[in-house]
Amino acid sequence: MVSSYREMEDKWQRTWSDRKLENADRDGRKKFMIIFAYPGVTGYLHVGHMRGFTYSDAIGRYKRMTGHNVLFPVGTHATGNGAVTLAHRIMKKEEDMISYLKNNGCTPEKLEGLNGPMAVVEFFNDVYVNDYWKRFGFLSDWRRFTCTLYEDYGMFMKWQFRKLNDSGLLIQKPYFAPACVQCGPVAIDASETDISKGGSAETQEYTLLKFRCGDLFLVAATLRPETVYGQVNFWVNPDVEYVKMKKDNETWIVSPPAAKKLAYQKDGCEVVGTISGKEMVGWMCEAPMIHRSVPVFPAKFCDPNVGTGLVTSVPSDAPDDWISLQDVKNDPLIMKEYGLTKEQIDSAVPISIISMDGYGDFPAKDIIESMGIERSGDPKLEEAKKQVYKDGYHTGRMKDVCGKFAGLRVEDAKDKMRAEMIGSGEAELFYDLNEEVICRCGNPVMIKRVDDQWFINYADEELTKRTSDHCRTMDINPPEYQNNVHTVLEWFRERACVRQGSWLGTKFPFDERWTIEAISDSTLYPIYYIISMYANSKQISAEQMTEPFFDHVILGKGDVGTVSKETGISAELLTKIKDDVQYWYPLDLNLGGKEHMTVHFPTFLFNHVAILPPEKLPKGIMVNWYITKKKDETGKKDKISKSKGGAQPIPGAAEKFGVDSLRLYYAHIASLFVDVEWDEDIVMTYRQRLDRIITMTEELNSIFEMEGTSDVDGWLYSRYGTHMENIHEAMKRFDLRTMAAEVYFEMFNDMKWYVRRGGCSSLAIRDALRTWISAMAPITPHIAEELWEMCGFEGLVSEYEYPEVPPGDTGAEFGETLIRDVISDISQIIKVTGMSPKRVILYTTPQWKVKVMSIALDLVSENRLDIPSLTKMCMSDPEIKGYGKAASELAKKMATDMSRTSNEGRRALLKLNEFEHLSAAAQFIASEIGYKVEVISANAGDIYDPQGKSKAALPGRPAIYLE
RNA sequence: GUGGGGGUAGUCAAGCUUGGCCAACGGCGCAGGACUUAGGAUCCUGUCCUUAGUGGUUCGGGAGUUCAAAUCUCUCCCCCCGCACCA
């Protein structure tokens, strides 16, 4: 018995390592290169992350055992500011950060050393490699480990960007990005890595509308520039103190927060004074596009923090405007308080501008009424606004009053009208976040204009087409993604590929002020694993990895002598590296989590297509779903909680369950393409299963030493042959779940049945064990090695190569199915009748019925089985004809039955002599059911059959009589 | 909004591409039994309803195609995920 999983795991991992099994060097075999998308260095990982990693290792191991030279390199991705943030928090000695590290096994000494971002990265690199990947028994070529922050990796990255530039795929244009006023660019996303508040904020594109009023401009911000034809007045908040802002040689009026935001996006902004909202009420100003003079009215809903704090009024389509205009018109006090004239008030008459499905002339009015909104300030107004905007955008059409835009759909009119107003200088663009976002440092985040931002032009049509075409030739799993990836590629726009600020990563080769960002530096990297080994072993230095170097070893450009001279690398070594690249690339399989489907995989594909020749493009992608957190009692997703144990570190889980139990759990729990809820009890059942398998192997190995053969040997060989066939078939799709089901359940059950049936040939058992254990090696390699050794098989199972399997023999397999069915039927009858019979009599089918079935099967294969044909055929056979009516009835029944189902399995039963087979098994059946069993062939003329049951016997279905 | 994924018996989850060996693999749970035990045991058997091994009704709801549908078509209802500078 295996006394300790840990000991066993260590033992075999040492053995593999001593034998250098994981090292992948070029040789004459067929190669297979597999990676998983390297993880970001974001701290400790949890058991869920091991799912995809484990899959990769198991696939790699399977490929080894089918004669492939397998390269399975790993690395980490540390670009960005994750490590900076981590280091920062550690150095500030933040309490939860420190306890997080300690709880995960970071010693005080190590903690001491975490004094900067690179130290943090190296610390976690070590954790990932040793505590996760090596601990799980991965056969990865550790010599090739690389990290995006390594200097040599950086050289590769610079080369990649030079190549992109050579292809004309790097472009520059202005860009509006969220940035902290202090720290520079930040990412706004739900994980809130960079920020402390506002992870769900979105960037809104406003159109600034300039209303001329003397030499001042009142500047409103709108999301609906297409409604300008409906403008009838202007809103200011009388309680807000606005600012006058110099904008080039104009003077704008906006709210103070807006002035700040604008300064980040536009040149020449300078606050020169203030003006109260109240003062502006009653002014007349000229509305853009329609060039009508409209009055300024007061409204409380103008929020100085949203847009510019000033609003144009389109009462026909904006619920807020409609209801506030009613207030102004109906409340004489307002008119008096702000000194508005009746003329002004009367001039503001809503104009119907857009026709929309389900709405009348004034959609704003309709929605207000249908939602029962009566006063300004009603919180339901927000919802009303969204609804009208949405319906307008999708179903609206511009009416005749909209000049040359009449008849356009709203979504088209929006762009055209905005462009026209920008062109005439009446409008400008402005970006703002729809909720407050605060940086980790505590300062606000706003949208900043970045001039000359570099992009990779993934919108390039030719590149998109080539990439899409290549995808069709790839092996992409799940198949849904194979279909979907084209849409994703199509949808991909230019991607900002560099950023500013104090970020970790490679400097942009064309401008050192920029750092290459995290997605863009992890696209072509699989090929770098082939080269990293030489940098790691110091055979080449980062300085030597120049453009001509990569051009030569990857693209085969340049003369080796010249490159050698330029780089100082020997011609011999250059050729070796170049040959390595030729041998290992293209990448056969890239496996990554589902989050990669819309970002990493597309860029991975694009960059390969852009830079490498067609024969070096990746051949496979596999996407894995997640292990998710267990739901709590209320059905809400709980954190992987400490009480349920899921938060424990990966090494802890390995200790608790055993590595192989976890590996089997990942492989078998579900298809790779569904999320799975983490549940310790389930993992435990996998451990129990492995324990059972170990125990059974031990018993088989020690008990059976018999020479000779037994009746069920053929069956066992056939079954194991069938299972291996199934496994190889499934693994064409890298379907580890099917493989696991075959190995740990089907093969196990068959072995049990073999023994139960009295199978005892030690030769058969050893042959079966060899097959079985070797089939375990990809998923549970440690246990497989242990059992392999226990059985005294030669060498390491990890180095074993699967032999050609003789295909399964359906005839041999059918015999046992028949016995099981018979036992099951007898038990069924006993249960239903409650009888305790003296004995059980089985009547096997008479030969003529077999003949009828055989004829029927022939007809089926010719696709012309029907009742008349079968009857006719049968009646032309004198033997069958002798049975008269029984024969014609059987023909009728069989024709009906068999035309309703497929019949591939039925041929098998023709090969079997049921009487002999069941007679031989009678003893066994008797012992299983606990009653005496007698087998009688219905062929024989004069048989004991008091109830005439024998007539019911059919091929493959003996009649049963309980006495 | 947009693009994608999904709803299968107590539960988790196969099957759906290529309709028929589908009452629907398997795991877990549950029940009964065996063994007899200190082990998160193991081994049998059963687990929709009915029943001498049969038959009936099932695969989100409804309609259709077909000799035949969990699988194909249409429609409706519900759930989940991505949408970018986050890996």
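All chains are named by letter (A, B, ...) in the order of the sequence lines, taking the proteins before the strands, and each is independently numbered beginning at 1.
- A donor-acceptor pair under 3.5 Å is absent between the side-chain atoms of A/Asn457 and the main chain of A/Leu170, judged by distance alone.
- As judged by a 4.0 angstrom heavy-atom cut-off over every strand, A/Thr685 is placed among residues touching the sugar-phosphate backbone only.
- When the P atom is used for both B/G7 and B/A13, the distance is 9 Å, rounded to whole Å.
- Geometric assessment of A/Lys949 against the ring of A/Tyr843 yields a negative cation-pi assignment under the 6.0 Å and 45° thresholds.
- Comparing atom distances between the A/Thr833 side chain and each of B/A52, B/C28, B/G40 picks out B/A52 as nearest.
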Output one letter per nucleotide in nucleotides 1-6 of chain B: B when a protein non-hydrogen atom lies under 4.0 Å from the base, S when only the sugar-phosphate is that close, - when neither is. S-SSSS
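- Of the candidates B/A52, B/A87, B/G27, the closest approach to any side-chain atom of A/Tyr686 belongs to B/G27.
- Among the atoms of the strands shown, base atoms are found under 4.0 Å from some heavy atom of A/Asp681.
- Taking the P atom of each, B/G53 and B/C74 are spaced 42 Å apart, rounded to whole Å.
- Judged by distance alone, with hydrogens and angles left aside, the side-chain atoms of A/Arg495 form no donor-acceptor pair with the main-chain N or O of A/Val599 at under 3.5 Å.
- Contact annotation for A/Ile830: no contact, since no heavy-atom pair falls under 4.0 Å across all strands.
- Formation of a donor-acceptor pair under 3.5 Å by the A/Arg689 side chain with backbone atoms of A/Tyr744 is found in this model.
- Comparing the P positions of B/A9 and B/G15 gives a spacing of 16 Å, expressed to the nearest Å.
- Proximity of A/Arg692 to the phosphate of B/C43: a side-chain N or O atom is located under 4.0 Å from OP1 or OP2.
- In this structure, A/Gln172 contributes its side chain and A/Asp452 its backbone to a donor-acceptor pair below 3.5 Å.
- In this structure, the side chain of A/His600 engages the main chain of A/Ser522 through a donor-acceptor pair within 3.5 Å.
- Residue contacts for A/Phe492: at a heavy-atom cut-off of 4.0 Å it reaches a base atom on one of the strands shown.
- At the heavy-atom level, A/Lys594 lies nowhere under 4.0 Å from the strands shown.
- Nucleotides B/C44 and B/U36 have their C1' atoms positioned 15 Å apart, rounded to a whole Å.
- A/Ala496 comes within contact range of at least one nucleobase, with a heavy-atom separation under 4.0 Å.
- Here the side chain of A/Lys752 is nearest to one of B/G27, B/A52, B/C44, namely B/C44.
- Residue contacts shown for A/Arg687 are absent, as no nucleic acid heavy atom lies under 4.0 Å away.
- For the side-chain contact (heavy atoms from CB on, under 4.5 Å) test with A/Val120, the passing option among A/Val41, A/Leu86, A/Asn125 is A/Leu86; the others fail.
- As rounded to the nearest Å, B/G61 and B/G10 have P atoms that lie 13 Å from one another.
- Across all strands shown, A/Ser827 has no heavy atoms under 4.0 Å from either base or sugar-phosphate atoms.
- For A/Arg756, a side-chain nitrogen or oxygen approaches OP1 or OP2 of B/U45 to under 4.0 Å.
- Contacts of A/Pro837 with the nucleic acid, taken as non-hydrogen atoms under 4.0 Å apart, are absent.
- B/G6 and B/C59 have their C1' atoms separated by 14 Å, given to the nearest Å.
- Backbone-only engagement by A/Gln688 is indicated by non-hydrogen atom pairs under 4.0 Å involving sugar-phosphate atoms exclusively.
- When A/Val674, A/Leu664, A/Val676 are each tested for a side-chain contact (heavy atoms from CB on, under 4.5 Å) with A/Ile669, only one passes: A/Val676.
- Looking at heavy-atom distances under 4.0 Å, A/Tyr744 makes no contact with the nucleic acid at all.
- If you check every strand for non-hydrogen atoms under 4.0 Å, A/Arg493 touches a base.
- Among B/A84, B/G53, B/A13, the nucleotide with an atom closest to any side-chain atom of A/Ala670 is B/A13.
- Using a 4.5 Å heavy-atom threshold, the side chains of A/Leu842 and A/Thr844 count as separate.
- As rounded to the nearest Å, B/C78 and B/C72 have P atoms that lie 23 Å from one another.
- Between A/Tyr525 and A/Tyr38, the ring planes are parallel. Angles under 30° get that label, and only those over 60° would be called perpendicular.
- Comparing the P positions of B/A70 and B/U58 gives a spacing of 9 Å, expressed to the nearest Å.
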Dot-bracket notation for RNA chain B, counting Watson-Crick and G-U pairs under 3.5 Å, with | for partners on another strand: ((((((((.[[[..)....(.....]]]((((((.......))))))((.....))...[[[[[..)....]]]]])))))))....
